[in-house]
Amino acid sequence: MQNNKKITNLKNNLPLGGMIEIAKRTGLTSRTIDNIFKGKKCRMNNKMKVITEAEKIISEYKTVTEG
């Protein structure tokens with residue numbers, strides 16, 4: 001259950017265009033990424049890719065907007 005909250009929190013903190021950027025960086029389709037954010041079943045490897053890239057994008061966004 002905590003994983004779903006983390007993923008939802010990541011999705012809510014993504015900047016505009018964040019999901020598209022995740023798709024570019026991971027090579028996954030936008031549909032797959034959307035399904036992961038909705039909490040649907042997926043491969044653990046794909047979920048980890050999305051979480052990792054989402055965290056990087058949020059961090060980069062904060063650096064640019066706050067710095």
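Just so you know, these numbers use all the heavy atoms, side chains as well, and skip hydrogens, waters and symmetry mates. All figures in this text were calculated on a predicted structure; none of them were measured in a lab.
Contact check for Thr8 versus Asn12: side-chain heavy atoms found under the 4.5 Å cut-off. Side-chain contact check for Thr26 versus Asn46: every heavy-atom pair is 4.5 Å or farther apart. Between Ile57 and Pro15 there is a side-chain heavy-atom pair separated by less than 4.5 Å.
Listed here is the closest heavy atom pair of Leu10 and Ile58: O-CD1, 3.6 Å. Of all heavy-atom pairs spanning Ile36 and Val50, the tightest one is CD1-CG2, 3.6 Å.
Hydrophobic cluster membership is shared by Leu14 and Leu28, with clusters built from Ile, Leu, Val, Met, Phe, Trp and Tyr side chains linked at under 4.5 angstrom.
In this view, Ile20 and Lys24 satisfy the side chain to side chain contact (heavy atoms under 4.5 Å, CB included) rule, not counting sequence neighbours. Remark: Ile7 pairs with Phe37, Lys47, Ile51 by the side chain to side chain contact (heavy atoms under 4.5 Å, CB included) rule, at least two apart or across chains. With sequence neighbours excluded, the residues satisfying side chain to side chain contact (heavy atoms under 4.5 Å, CB included) with Asp34 are Lys11, Met19, Lys38.
The line from CE of Met44 to NZ of Lys49 is 14.0 Å long, rounded to the nearest 0.5 Å. To the nearest 0.5 Å, atom CG of residue Asn13 and atom OG of residue Ser59 are 12.0 Å apart.
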Inset, instruction - Could you walk me through whether Glu55 and Arg25 pass the salt bridge (Lys or Arg N to Asp or Glu O under 4.0 Å) test, one step at a time? - result: CA-CA 12 Å; Glu55 289 173 342; Arg25 292 183 186 190; over 6 Å; no

